[in-house]
Amino acid sequence: MKDMKIILASNSPRRRELLKGLDIAFTVKVLPDIKESYPADLPAAEVASYIAGEKADAYKDLLLEDEMVITADTIVVLGTKILGKPKDEADARRMLQELSGKTHQVITGVCMMTREKRRVFSVITDVTFKEFTADEITHYITKYQPYDKAGAYGIQEWIGYIGVTALNGSYFNVMGFPVQRIYSELQRW
């Protein structure tokens with residue numbers, strides 16, 4: 001891996017921060033207009049890895065011999081329902097009310113790809129929230145404006161501090177980038 005140039009294909013400041021924490025040199029390159037759609041009949045557990053793979057495929061013809069692109073996509077799943085990024089305040093409120101007092105899954109799909117090799121995987125973390133009051137939801141949405149986050153929340157923000165009662169799996173996965181698994185995959189590459 002020493003001779004490999006890593007490209008993080010993400011606008012997410014959280015993903016940049018987490019990858020930087022691995023002490024691995026990388027650059028950020030984001031192509032415009034990559035679709036994040038998936039087949040309607042795809043099981044919820046496979047959606048994030050499917051989208052991560054689609055994102056990586058957009059880079060396939062652009063990669064040099066010594067480059068690896070890493071893409072990721074994170075979704076929140078409650079039962080069989082996927083909660084993506086909220087469209088507006090009302091949508092964020094609805095999502096947080098649905099998650100209140102329940103356990104849900106955060107699934108991050110990752111694709112690591114060079115010109116010769118492609119590895120796609122997903123990491124699942126179970127997160128349990130306490131029952132939120134209407135005032136707590138309003139405070140969070142108003143102060144933190146979670147419109148760029150799957151499920152309308154960031155675990156590293158206030159709502160995570162006061163709301164998470166149980167976590168089974170990777171905390172960093174819930175932030176949107178399972179760095180432990182990525183590091184392990186890089187070591188095995």
Exercise for the section: Test Met4 against Leu186 for side chain to side chain contact (heavy atoms under 4.5 Å, CB included), laying out the working first. Expected result: CA-CA 10 Å; Met4 190 66 59; Leu186 287 170; over 6 Å; no
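- By the 6.0 Å contact criterion, OH on Tyr183 is open, its count of non-hydrogen atoms from other residues, nucleotides or ligands being 12 or less.
- Between Tyr144 and His139, the ring planes are perpendicular. Angles over 60° get that label, and only those under 30° would be called parallel.
- The side chain to side chain donor-acceptor pair (under 3.5 Å) check on Ser184 picks up nothing, with sequence neighbours excluded.
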Exercise for the section: For side chain to side chain contact (heavy atoms under 4.5 Å, CB included), just list the numbers for Tyr59 and Glu67, CA-CA rounded to whole Å, side-chain angles, deciding distance to a tenth of an Å, and then say yes or no. Expected result: CA-CA 11 Å; Tyr59 290 81; Glu67 291 179 325; over 6 Å; no
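- Considering every non-hydrogen atom in both Gly109 and Ala48, the closest pair reads N-CB, 3.3 Å.
- Taking both residues in full, the closest heavy atoms of Phe121 and Arg181 are given as CE1-CG, 3.2 Å, listed atom of the first, atom of the second, then distance.
- Not one N or O on the side chain of Ser49 forms a donor-acceptor pair closer than 3.5 Å with the backbone of Val120.
- Rounding to the nearest 0.5 Å gives a distance of 5.5 Å between CD1 of Ile159 and CG of Leu96.
- The CZ atom of Arg115 lies 14.5 Å from the CE atom of Met68; values are rounded to the nearest 0.5 Å.
- Closest approach of Tyr140 to Ala152, counting heavy atoms only: CE2-O, 3.3 Å.
- In this view, Asn173 and Thr108, Thr125 satisfy the side chain to side chain donor-acceptor pair (under 3.5 Å) rule, not counting sequence neighbours.
- The ring-ring contact (aromatic ring centres under 6.0 Å, His included) check on Phe177 picks up nothing, with sequence neighbours excluded.
- Separation of atoms OG1 (Thr114) and CG (Leu64) is listed at 12.0 Å; rounding is to 0.5 Å.
- For the pair Arg93 and Thr138, the minimum side-chain heavy-atom distance is below 4.5 Å.
- Pairs engaging residues 63-111 under the ring pair (Phe, Tyr, Trp, His ring centres under 6.0 Å) rule: His104-Phe129, His104-Tyr153 [sequence neighbours left out].
- Contact of the Glu54 side chain with the Glu36 side chain is not registered, since no non-hydrogen atoms from C-beta on lie closer than 4.5 Å.
- Ionic pairing of Asp57 and Lys60 is not present here: no N-O contact between side-chain nitrogen and carboxylate oxygen is shorter than 4.0 angstrom.
- Put simply, the side chain of Arg16 does not reach to within 4.5 Å of the side chain of Ser10, judged on heavy atoms.
- Using a 4.5 Å heavy-atom cutoff, the side chains of Asp66 and Asp3 are not in contact.
- The heavy-atom pair separating Lys85 from Ala150 by the smallest distance is CG-N, 4.0 Å.
- The shortest side-chain heavy-atom distance between Ile70 and Phe26 does not fall under the 4.5 Å cut-off.
- Between atom CD of residue Gln105 and atom CG of residue Leu83 there is a gap of 12.0 Å, rounded to the nearest 0.5 Å.
- The number of heavy-atom neighbours closer than 6.0 Å to NZ of Lys143, taken from other residues, nucleotides and ligands shown, is 12 or below.
- Side-chain contacts under 4.5 Å among hydrophobic residues (ILVMFWY), followed directly or transitively, place Ile124 together with Tyr38, Leu42, Val47, Tyr50, Ile51, Ile75, Val77, Ile82, Ile107.
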Handout entry: Criterion side chain to side chain contact (heavy atoms under 4.5 Å, CB included) on Glu116 and Glu65, from CA distance to verdict
Key = CA-CA 8 Å; Glu116 306 297 322; Glu65 193 68 36; 3.9 Å; yes
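- Across every non-hydrogen atom of Ser122 and Ala45, the tightest pair is OG-O, 4.3 Å.
- Within 6.0 Å of NZ in Lys87 there are 12 or fewer heavy atoms belonging to other residues, nucleotides or ligands.
- Rounded to the nearest 0.5 angstrom, Leu8 CG and Ile24 CD1 are separated by 11.0 Å.
- Residues passing the side-chain contact (heavy atoms from CB on, under 4.5 Å) test with Thr27 are Ile7, sequence neighbours excluded.
- The structure places CE of Met175 at 5.0 Å from CD of Glu17, a figure rounded to the nearest 0.5 Å.
- Between the Arg15 side chain and the Gly176 main chain, a donor and an acceptor come within less than 3.5 Å of each other.
- Residue Cys111 comes nearest to Ala52 through the heavy atom pair CB-O, 3.6 Å, listed as atom of the first residue, atom of the second, then distance.
- Side chains of Val123 and Val110 form no contact here, defined as non-hydrogen atoms less than 4.5 Å apart.
- Counted within 6.0 Å of CG on Asp88, heavy atoms from surrounding residues, nucleotides or ligands total more than 12; the atom is thus considered enclosed.
- Looking at Thr71 and Ile34, their side chains never come closer than 4.5 Å, going by heavy atoms from C-beta outward.
- Electrostatic pairing of Glu136 and Lys130 counts as a salt bridge here, judged by a charged N lying under 4.0 Å from a carboxylate O.
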Practice task
List the steps and the verdict of side chain to side chain contact (heavy atoms under 4.5 Å, CB included) for Ile182 and Glu185.
Solution key: CA-CA 5 Å; Ile182 290 167; Glu185 294 291 339; 5.7 Å; no
